[in-house]
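Have a look at the structure below, then the notes.
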Amino acid sequence: MDLNNKKFYVTTPIYYVTAKPHLGSLYSTVLADVVSRWNKIKGSKTFFLTGTDEHGQKVATAAEKAKKKPKEFVDGFIDSYKSVWRDYEIEYDYFIRTTDSNHVKIVQKWLSDLQSSGDIYKDFYRGWYCYSCESFEKDFDEGDKVGPTCEQCERNTELVAEECYFFRLSKYQDKLLKFFKENPDFVVPKERMSEIVNFVKSGLKDLSISRTKVSWGVPFPGDKKHVAYVWADALNNYITAIGYGHSAKKKDFDFWWPADLHIMGKDIFRFHAVYWPAFLLASGLSLPKRLLVHGWITVDKKKMSKSFGNMIDPQMLREVYGAEPVRYYLLRQIAINQDGDFRIEDLEQRISSDLANDLGNLLNRMVSLAEKNSAMIIDPIASWSSESTKLRDESLNLLSDFQTYMSDYQFHMALACLWKFINKVNAFFHSQEPWKLAKCDRDAFLQVLAATANSLKIVAVLLWPVMPKKMEKLLSSLGLSFKIDKNLVEDLSLGNWNQKFILQKIETLFAKPEENKVVEPTKKKEVKKEASDFIKIDDFAKVHLVVGTIEQAEDVSDSNKLLKLQVNCGKYGNRQVFAGIKKFYSIDDLIGKQGVFVVNLKPRKIMGQESQGMMLFAEGEDKMLQMTTVSAVVPNGTRLR
Ligand code: MSP
């Protein structure tokens, strides 16, 4: 494969190991996996790093609570991380632990180097610290009685007063601002850039970079009283994992560094956008190319976290819905720049509607029809109909739009336009009526199958980063095997629909969720499958919406709102309907018009007379009522479905 030495190095944050991973931790990791796989199919060599952040007060306190030694405590969680990642098809290249001896050694070397260069010096620190976020929130000012609450988690901060080593962050203020100016695309989403520029402009103070009151950490070289501040230790994982500081691994390091993308939640953006670039500048290293900052997964609008006790266990979700549908849901449902409230109903809806109906059924209908008509082998088509050519053109538009959204990490938009295309393929298949063509025009029939199969192939390749195993299955049903032997996206963009397909029946690709399966969240708080905002199709069918013609209208003189209408509802009879529209419509505006009426509402008395239906209106922003109607005249009594 000609890779042109194209490379892509992507990282997740490393997770504090105070509990098993929850859906929020999975989210960052799935995003990184999708980015890594996307770059793979675009012909890049990729390196995907994830791991665990195991030092610091937060972990030490959790270990103490569990009556365990810190190392024994963190060791106990590693399997749960690795197994969730494995079960969710997370294809990482390296799993770093900050307790790895290599990492510890290199962090120590880094500290010594910066001491030698003068960027780290010893002094005394007094300030307010958030133990939960492991962040220095504010320096102590004379007269401070209490500290501020933490900007991120809003917990109380505690006063820390100790001798410590400082990193000369202030020295890098101008260099950082220059870098931000020269690299306006450094941060995705773009809107976050100004947040960080303003933070740096407001003035950077030197950063305390060691602790004496904490013993669980990387020992400071040459000064046993101190351990490295956990963020100075953790951020360096991005370089220690790929060989920084080892002469034997220099080539590897030079190949992979700088990172192409660091992914993180909005709570730890500042550490990555300010401290990390400053550390790198101090070490004479290039800065990462981009940061992707995502919102939080919330439950009832509260961040999913151990402290709120509202964690959703990814393993439980997987057992009920399958790993890949959950991956799809996370990418499709949640816009990267926003928080996304987790709702079982949304997940189920995505699976039933997008995956089972739109995609799974399309494949199934095509293969079943081919099987019924002995057309499981589809040779390349010599000449395409105009409808098929139109579909192929649509696929080229899709490929272009999809790439644009993916290069901006707008996953939900990329998937939305992919689904638009799937629905176009469905419409094509349906409108061509291949089940009729099978009986009278075999060439045309095979051509419809071929156009559908070619479209499904594109869908499968583009969706592979999100649902790899499912899409490999889909491809196998088309008689194709998934192989990355070239830039697959570029190849599809050539629009060569000259593929031979050997169709195979496979088991249902996506099962609809079973009714009443409940995913229990953690103990503290239950997120049950409550009365849903969705109604079933049967519920909708209970409402009889019917088109009727207004044959007469008259003023109700005792009311300043009401008009009385006589409506011809065809087989539903003539109805007398009162509507509160006097302010909006004159009698002449109404007579002869067709509107939409609910005809099975229980009749009710209005101004002493019976109203036998309800007319539908849309209320605009200006509070004006707009009549609901149909775009062409239809027989009175036509049902809306
Ligand atoms: N250890 C630090 C990161 C160091 S990186 C050099 C840390 N760990 S964490 O476990 O608290 O968070 C890890 C990542 O998970 C962060 O990006 C955080 O935003 C993300 N998430 C934690 N809870 C989350 C949600 N509820 N929703 C989405 N992401 C969440 O910070």
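All values below come from the heavy atoms of this structure, side chains included, with hydrogens, waters and symmetry mates left out. All ligand and atom numbering here is 1-based and tracks the order in the structure.
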query: Do we get Lys45 above Phe255's six-membered ring, with its NZ or CZ under 6.0 Å from the centre and within 45° of the axis?
result: yes
message: Out of Tyr238, Tyr27, Tyr15, Phe308, who is nearest to atom 6 (C) of ligand 1 when you count heavy atoms only?
response: Tyr238
query: In ligand 1, which numbered atoms sit nearer than 4.0 Å to a non-hydrogen atom of Asp53?
result: 1 (N), 2 (C), 4 (C)
- request: If you have a sec, work out which protein heavy atom is nearest atom 20 (C) of ligand 1 and how many Å separate them, to one decimal?
  value: Ser28 OG, 3.9 Å
- prompt: To the nearest 0.1 Å, how far is atom 28 (C) of ligand 1 from its closest protein heavy atom, and which atom is that?
  reply: Ile297 N, 3.5 Å
- prompt: Does the gap between the ring centers of Phe136 and Tyr125 come in under 6.0 Å?
  reply: yes
- prompt: Any idea which protein heavy atom is nearest atom 11 (O) of ligand 1, and the distance to it?
  reply: Tyr16 CD1, 3.3 Å
task: Would you mind listing which atoms of ligand 1 come within a distance below 4.0 Å of any non-hydrogen atom of Met264?
output: 17 (O)
- prompt: Is the charged tip of Lys302 near the ring of Phe308: under 6.0 Å from the six-membered ring centre and within 45° of its axis?
  reply: yes
- prompt: Does the separation of the ring centres of Tyr238 and His272 fall below 6.0 angstrom?
  reply: yes
- prompt: atom 21 (N) of ligand 1: which of Pro13, Gly24, Cys133 has the nearest heavy atom?
  reply: Gly24
message: Judged on heavy-atom distance to atom 31 (O) of ligand 1, which of Ile14, Val59, Ile268, Thr52 sits nearest?
response: Ile268
task: Answer with yes or no whether Glu134 contacts ligand 1, where contact means a heavy atom under 4.0 Å from a ligand atom.
output: no
- prompt: At a non-hydrogen distance cut-off of under 4.0 Å, which region of Phe271 contacts ligand 1 (side chain, backbone, both, or neither)?
  reply: neither
- line: For Gly295, the atoms of ligand 1 under 4.0 Å from one of its heavy atoms are 28 (C)
query: Is the charged tip of Lys225 near the ring of Phe220: under 6.0 Å from the six-membered ring centre and within 45° of its axis?
result: no
query: Taking the six-membered ring of Trp296, is the NZ or CZ of Lys266 close enough (under 6.0 Å from the centre) and on axis enough (within 45°)?
result: yes
field: Numbered atoms and elements of ligand 1 in range of His294, under 4.0 angstrom, heavy atoms
entry: 28 (C), 29 (N)
message: Between ligand 1 and Gly265, is the shortest N or O to N or O distance under 3.5 Å?
response: yes
- prompt: Which ligand 1 atoms does Met304 reach within 4.0 Å, using its non-hydrogen atoms?
  reply: 23 (N), 25 (C), 26 (N)
message: Quick check on contacts: which atoms of ligand 1 are under 4.0 angstrom from a heavy atom of Ala234?
response: 6 (C)
- request: Find the distance between CH2 (Trp38) and OG (Ser36) and round it off to the nearest 0.5 Å.
  value: 13.0 Å
Basic-acidic side-chain contact under 4.0 Å: Glu54, Lys71: no
task: Using a strict 4.0 Å threshold on nitrogen-to-oxygen distance, state whether Asp339 and Lys303 make a salt bridge.
output: no
task: Would you check if the side chain of Asp206 reaches a backbone N or O of Phe166 as a donor-acceptor pair within less than 3.5 Å?
output: no
- prompt: Which atoms of ligand 1 sit under 4.0 Å from any heavy atom of Asp267?
  reply: 18 (C), 19 (O)
